[in-house]
Amino acid sequence: MHKKICMLGGFAVGKTSLVRRFVTNLFSEEYHTSIGVTVEKKILSVAGENVTLMLWDLYGDDEFQRIRESYLRGSSGYILVVDGTRKETLATALGLQRTVEGLLGPIPFALIVNKSDVRDVWEIDDAALSELRQQGWTIFFGSAKTGEGVESLFSTLAHRLLKQAT
Amino acid sequence: MRSHHTRQAAQGEILCTQLFVALETAVLERVDQTDTFSLQGTAPAWWSSIFGTTTPPSTVRPGERSPFLKQFLGEAEQGWARHAAGLVRSGPWTERDPHGTTLHLEATALVVDSRQLLLVARLGADFEQARATLQRAREQALRHAHATKLQTRTESRLTTQLSQSEELRDDLLGVLQGLGLATILTDSQGRITFISDEAAGLLNVSTDRAGQRWEQVLSCSKTDRDAIWTRLRSPAEQHDPLTLHLETDNPRWLDVTVSPHPRHNEKRILLFHDTTELHDLRRLLDEKARFHDLVGSSPSMMQVYQLVRNIARVEATVLIEGETGTGKELIARAIHCSSARKQGPFIAANCAGFTDSLLGSQLFGHKRGAFTGAVGDQAGLFESADGGTVFLDEIGDIPLNVQTSLLRVLQEKEITRLGEAKPRKVNVRVLAATHHNLSEDVVRGTFRTDLLYRIRVARIQLPPLRDRRDDIPLLASAFLGQVRATMGKGVDQISSEALRLLLSYAWPGNVRELKNAIEFAAIGCKGQRINTTDLPQEITRPQSHTPLSTYMPPTTNHDERAQLLRALNQASGNRSDAAKLLGMSRATLYRRLANYGIDIPR
């Protein structure tokens, strides 16, 4: 079973780093901006069934690059990535979520607040996220740098995709 | 012609192929509406690393190799189906070859002559340049956001600190105002940067005087202003306050201390204390401590003042007793000035050292020819004092025959000039003084009993200075004031050490000796303050080595004789020094030495 999952979020929130940590278990401190999309693949065993996750690592959404709807089509789910140290990236994620839902309807997604390794300088606190939780959002705290929360993020979404498929 | 066209078409095909290779673009044609494509022309160099086949007309299923292309072909299908001539672009995507090298690609679907074509181009230098530009722009945005964040945090921290500082300042200001401290803060130019409510109230100005010079809020004399300026220019704190007189509608006395600001050396803190009440109290105390020309606020002197007031109301004869230098004549003057006779004359006569006839002539007058040298009629002191007061000092030294005449004056209120027979009525009040013990003189037969009782109707005993040491600072200060006035010297203070010596000295010569000592010290004083070195030797000499430190008032003539001898001994026979030690004039000393038959060779 193949599932297309889009990685969405503002620029430099750590989308590529999260995919890289998940797929290759590597991390680089250097920031390389993405243009277009890179598709990575990882097979997960979910409930005894192999699920091939096609991870579409999309470029960061900002004033320079807007997300092309064509990249989103065919997605089974998506992951919204937020940089905990930049409050404005949560607003970007919220905007992207509305775009995706408008295009693809209510498909499974999860939100991860990245960079939990520097939580002392986070600008996003639980209060800002509690409302989203109340709306049914699945929210993770994690770090591509340390790997915290990465596996569970993808695994949880894969479970939901599988559950939806069955 | 035909072959020419054929040749031209072949050349065009070659050119197109070379062009696509140069553009690193692979051209594929869709085969029979399937997901299989045939490679057209020459494949670019990168093609094989991703899609394998390189030799046309080999076929390839690109969707199998690239998930991205697979989705794109789905989108392209719609364009191909419409046989539209327009382009369908994929947008850039990234593929990684087996060696890990990343390639940035972009696919375009189009229809040419009903042929469904797929162009896959490698994005080259332009793309990399755009990517680098975007990278820089985003890094710049991140840095800017970071800097903004830091700035916001710093601003927030500074705002908090400022708020805390302001709160602390307000608290301290509240405490300062609560303490009621009258404070002015000035900058290096002498401009006011802060004025407390208390200071504003004290100086009768508003608190919005910041920026003005301190002189503008302080109405005082030029001397006071100069003194403050001197303090303001001094870098060191001076603890002794300046006393200044505020010349406003509501005049005040202020003590002002000027201190450097603890953190800003160029700033000054002026702290004002309203001492008006203190000055008023001092003045009242001073007035209370002065009675006519007498100075002293000790209980014994207060009793004397009251006694003088009481005695002044009546006409009784008064005997004023006290050691030499205790101010007996001053008491006599005070009685006169407080009495109903104050408009009349006050005549003082020292009865010691005169012969019988000379003293009689002095007191009662004489008629021309009454004795050798009496070249004209002469009224005596009693006649001159008619309607007033006669003060007879050293009455114990009056010869017996003059005592008789004096008794007549007291009894009959009349005198008889020498050489006359007819008495003259006089309206005189008699005050007498002596350092003798007249009762002993009566026993010895040198003083008439009836005269003693006549002159001792009222009696005032003046305490020696050693018995009212509390008055010494007051007296010293009063004498210093007199010295300043008469000498024009700026001496206005006595050091605490010098004052300590003055307080511990025995003062055998009493107040007169103290006055002499102050004059002596003021003459020798180089500055504004009298120090121990300025005082006479007998005061600074260790008391244990000073025989007179154990001075006791003479209660008998024997005591006084011994006292005179001690003084002479201490002064090594120098009469002037001995007189000074005893607090008496040289003439008095000579007279007393003669009385006791003490003969010191010159």
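Numbered from 1 within each chain, the chains take letters A, B, ... in sequence-line order. Just the heavy atoms: all of them, side chains too, but no hydrogens, waters or symmetry mates, feed the values below.
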* Apply the test side chain to side chain contact (heavy atoms under 4.5 Å, CB included) to residues Arg86(A) and Leu142(B): give CA-CA distance (whole Å), side-chain angles for both, the deciding distance (0.1 Å), then the verdict. => CA-CA 10 Å; Arg86(A) 288 154 61 208; Leu142(B) 284 172; 3.6 Å; yes
* Would you say Lys42(A) has more than 12 foreign heavy atoms packed within less than 6.0 Å of its NZ? -> yes
* Does any heavy atom of chain B fall under 4.5 Å from the side chain of Lys4(A), the backbone, both, or neither of them? -> side chain
* Heavy-atom distance under 4.5 Å to chain A: side chain of Ser90(B), backbone, both or neither? -> backbone
* Asked: Going through the checks in order, is the side chain to side chain contact (heavy atoms under 4.5 Å, CB included) test met by Arg153(B) and Val121(A)?
  -> CA-CA 11 Å; Arg153(B) 280 187 198 148; Val121(A) 290; 4.1 Å; yes
* Structure fact -> Most contact-rich option vs chain B, by heavy-atom pairs under 4.5 angstrom, among Arg73(A), Met54(A), Glu88(A), is Arg73(A)
* Asked: Would you say His264(B) has more than 12 foreign heavy atoms packed within less than 6.0 Å of its NE2?
  -> yes
* **CH2-OH distance between Trp93(B) and Tyr59(A), expressed to the nearest 0.5 angstrom** => 14.5 Å
* Asked: Testing Arg138(B), Arg136(B), Glu139(B) for side chain to side chain donor-acceptor pair (under 3.5 Å) with Thr33(A), which one passes?
  -> Arg138(B)
* Structure fact -> If one checks every heavy atom of Gln135(B) against chain A at 4.5 Å, the contacting part turns out to be both
* Separation between OG1 of Thr38(A) and CD of Glu95(B), rounded to the nearest 0.5 Å -> 8.5 Å
* Just wondering, are more than 12 heavy atoms of other shown residues or ligands nearer than 6.0 Å to NZ in Lys70(B)? -> no
* **Atom pair CZ (Arg131(B)) and CD1 (Ile35(A)), whose distance is rounded to the nearest 0.5 Å** => 6.5 Å
* Decide if atom CD of Glu131(A) counts as having more than 12 heavy atoms of other residues, nucleotides or ligands within a radius under 6.0 Å. => no
* Inspect the surroundings of NZ in Lys149(B) and state if more than 12 heavy atoms from other residues, nucleotides or ligands are less than 6.0 Å away. => yes
* Heavy atoms of other groups near Gln129(B) CD, more than 12 under 6.0 Å -> no
* Structure fact -> Assert top hit (heavy-atom pairs under 4.5 Å, partner chain B, pool Lys41(A), Arg68(A), His32(A)) equals Arg68(A)
* Structure fact -> Separation between CD (Gln71(B)) and OG (Ser75(A)), nearest 0.5 Å, reads 7.0 Å
